[in-house]
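Take a look at the structure below.
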Amino acid sequence: MTPEANARAELLQLIDSKMNRTLKYYLDTCVRCAICKDACHQYVATGDVLYLPAYRAELIRRIYKKYMTGSGRLLPKLFEGRDPEDDVLLDELYKTTYACTSCRRCMFWCPFSIDTSWVLAVAKALLLATGRGSEILTQLADSAIDKGKNIDLYTGVIREVLKGSEEEMRRIVQDPSAGFVYDKQGADVLYVALAGTHTILPAAIVFHQAGEDWTLSSFEGSNYGYFLGDTVKAKAIAQRIVDEAKTLGVKEIVMSECGHAHRVMRDFYRMWAKEELPAPMVSILSKVDGYIKDGRIKVTPGKITEPVTYHDPCQIGRNFGLFEEPRNVVRATCSDFRDMTPNRQKQWCCGGGGGLVAETEFDDVRLKSGRLKADQIKATGAKILVTPCENCRLQIESLNDHYDLGVRVSAVLDLVVEAIEIKPR
Amino acid sequence: MNWFQYVFAGWFVYVALIVFVGGLIWQIVKWRRVAKSRIVMGMFPKPAGLGARSAKMLKDTFFFPWVLDYSKSIWLFAGAFHLAGLLMFVGHLRLIHEFTPLVAWLGASGMDQFAFLTGGAFGIVLTVALIYLLLRRFGTPYKDLSVPEDYLLLILLLLIVTMGNHLRFFGTVHVTDYRDYVMSLLTFKPAFNAAILSSNVPWSLTTHVMLACAFLIYFPFSKLVHSIGAFATNLVRSE
């Protein structure tokens, strides 16, 4: 074989290795009816066929048809069959794949429930194999893996930096012995935060008040390997937390307010590692909803009087199944709650998912496609926008400036801390 | 029957049926041979338990309620197109065996009238729907998404339906003669009887049957496998 033919065979083998039964169902079943077009915020906002969900998947399907089906091998022209090393195809694939926020709104409206984001996981593998992976996402993933390898170099510095936050925690909970809990063997809860104390302090206050037996993970829940589509890197990043949970022998892994980390831990890790988690993964939102219901923490009802609206992050609502838990918590703290239309499983993606807020090259489509969310927020007249996903918050902050929304963007736990009735312990 | 009719309205039918059934089985085997994903990719909210999941899957597949939510006109159009196609297929079964309860109810001439009205109406619905679907493919953004297969299938169906309309509205042949032809196929002695041969339909009937056979042969290897794939993909939705 010539080197070119060899390279092609390798790429095809890679694609084939990613093809499970469901993906074949998807690729064989799509009829290109394009009902998905109005489901995608990026297509609706730009009108560019590149962002039409069926077209995104079609790029992979044209390779699949030409090389992996009998009819396509016989009559490639009938399906506009393409080659996996085709530069024009790969350029288009790069733009459409890394722009996709994996919100799966197209799957919701598709008469066949086709999951475009899953087809794009194949596209990401192909892009990585042809040296076209997103550079910024690769750097972020690599640095997370590096942190896992050299954790001792990091922990001292991180814990030193967090001392100021611990001071603030003691002041709020009025308990001089309170603080962040590290490396606690046999703790009930391993709390996995994100980089930044804004995801640690509110949770620490809530855990303290609920009398939870908790310990803070040395690692952040976010996983740029997942956004990159590199399952080896993604697994290595998630593995850090799993190993920590094993070592500490915790009963639950509690995930902070981060959309994709919820799915990575509960749904994807099992596939990448081919093993179950050492302890069940529970969302912090379910935990706090439970604390309030069980009276373990008390919030002043209606403490927050400004109108509040809630954005369902795709990875927590439609793709993870938490619709009511966060709403219960938000409703408990405020007197004027206003849902957006549409909401829950039909909600519009904010436009920042899929790692997009970290990839400046997609700023244009990110801001344009955020218009739909911006219009929804405006229509509620809310002054506070609550959402439990870091990427959603960053995107909506960005929309706040761009579309002049005049809202305060807040995490769910921030509201809880604002409304909590501190009981001395 | 001349040799062309004998081949394309005769033996071609057997080839088509074998390829159609065999091809669909082959497609299912091909899917089943690929490993299942370890990951559950369902979408929330979703029912639990195979019974509730299957019920939802059947509802989603046959009534596509999300499309109704998305656009009432597209739902109506797609629904009418598929329903007319299905009922048209059912109507053809009359050529194998008369629907006796209907005849008992409507009388023999009433039945013929009923068949003329329903068959005619479905034929018109299908023609209009197919022309709409074809024209739609030439507009933005559909033309950028479409591949030749999309046009080929629509043109093929349009030709089949047009020939069917000719048989229905302009043909001078009675149902019993068509039944003779179908019986000749079922007994492996394909033939047009004298009434058909002396009428104005041999060319349209032959074209109708030949293209329908081509459609059946292509079916298992085309996007038309959505007719079976839909059950699987809609079940994954609640996985």
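FYI, side chains are in, hydrogens and waters are out, and symmetry mates aren't considered; it's all heavy atoms of this structure. Residue numbers begin at 1 in each chain, while the letters A, B, ... track the order of the sequences. The structure displayed is predicted, hence computed values, not measured ones.
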Give a yes or no answer on whether the side chain of Arg21(A) reaches the backbone of Ser37(B) with a donor-acceptor pair at less than 3.5 Å. no
- Please answer whether the main-chain N or O of Phe112(A) pairs with a side-chain N or O of Thr233(B) as donor and acceptor at a distance below 3.5 Å.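 The answer is yes, because a donor-acceptor pair under 3.5 Å joins these two groups.
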Chain B heavy atoms under 4.5 Å from [X]: which part of the residue, side chain, backbone, both or neither?
X: Arg62(A); answer: side chain
X: Lys65(A); answer: side chain
X: Phe323(A); answer: side chain
X: Trp118(A); answer: side chain
X: Leu52(A); answer: side chain
X: Phe320(A); answer: backbone

Q | Donor + acceptor pair across side chains of Asp144(B), Tyr55(A) (<3.5 Å) | A | no
Q. Just checking, is any N or O donor in the side chain of Asp28(A) or Trp31(B) under 3.5 Å from an acceptor N or O on the other one?
A.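 Yes - a donor-acceptor pair under 3.5 Å links their side chains.
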- Between Glu149(B) and Arg32(A), is there a side-chain N and carboxylate O pair less than 4.0 Å apart?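 Counted as a salt bridge, because a side-chain N and a carboxylate O are separated by less than 4.0 Å.
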To the nearest 0.5 Å, how far apart are [atom1] in [X] and [atom2] in [Y]?
X: Gln27(B); Y: Thr69(A); atom1: CD; atom2: OG1; result: 9.0 Å
X: Leu145(B); Y: Cys30(A); atom1: CG; atom2: SG; result: 7.0 Å
X: Tyr70(B); Y: Cys36(A); atom1: OH; atom2: SG; result: 8.0 Å
X: His226(B); Y: Cys33(A); atom1: NE2; atom2: SG; result: 9.0 Å

Chain A contact via [X] - which portion, at a heavy-atom distance below 4.5 Å:
X: Arg33(B); value: neither
X: Ile74(B); value: side chain
X: Tyr218(B); value: side chain
X: Ala35(B); value: backbone
X: Lys46(B); value: neither

Query raised in the report: If you count heavy-atom pairs under 4.5 Å between each of Leu153(B), Asp150(B), Thr140(B) and chain A, which one has the most?
Result: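 Top option by heavy-atom pairs under 4.5 Å: Asp150(B).
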Residue from Ser146(B), Gly229(B), Pro141(B) scoring the most non-hydrogen pairs under 4.5 Å with chain A is Pro141(B)
For [X] versus [Y], what's the shortest heavy-atom pair and its separation?
X: Phe268(A); Y: Met41(B); value: CE2-SD, 4.0 Å
X: Arg32(B); Y: Tyr25(A); value: NH1-OH, 4.4 Å
X: Glu58(A); Y: Val147(B); value: OE2-CG1, 3.6 Å
X: Tyr142(B); Y: Ala34(A); value: CE2-CB, 3.5 Å
X: Pro111(A); Y: Phe64(B); value: CB-CB, 4.3 Å
X: Arg237(B); Y: Met107(A); value: NH1-O, 3.3 Å

Check: Arg270(A) and Ile39(B) side chains under 4.5 Å, non-hydrogen atoms:
no
Side-chain contact test, heavy atoms from C-beta onward, threshold under 4.5 Å: evaluate it for Asp69(B) versus Trp109(A) and give yes or no.
yes
Is it the case that more than 12 heavy atoms not belonging to [X] sit under 6.0 Å from its [atom1] atom?
X: Lys59(B); atom1: NZ; result: no
X: Phe99(B); atom1: CZ; result: yes
X: Lys77(A); atom1: NZ; result: no
X: Glu275(A); atom1: CD; result: yes
X: Tyr14(B); atom1: OH; result: yes

Of Lys274(A), Met19(A), Arg266(A), the largest count of non-hydrogen pairs under 4.5 angstrom with chain B goes to Lys274(A)
Inset, instruction - Please step through side-chain contact (heavy atoms from CB on, under 4.5 Å) for the pair Ile35(A) and Trp66(B), ending with a clear verdict. - result: CA-CA 10 Å; Ile35(A) 281 176; Trp66(B) 310 120; over 6 Å; no
Would Gln345(A) and Phe44(B) count as a side-chain contact (heavy atoms from CB on, under 4.5 Å) if you check the C-alpha gap in whole Å, the side-chain angles of each, and the deciding distance to 0.1 Å?
CA-CA 7 Å; Gln345(A) 66 269 32; Phe44(B) 294 87; over 6 Å; no
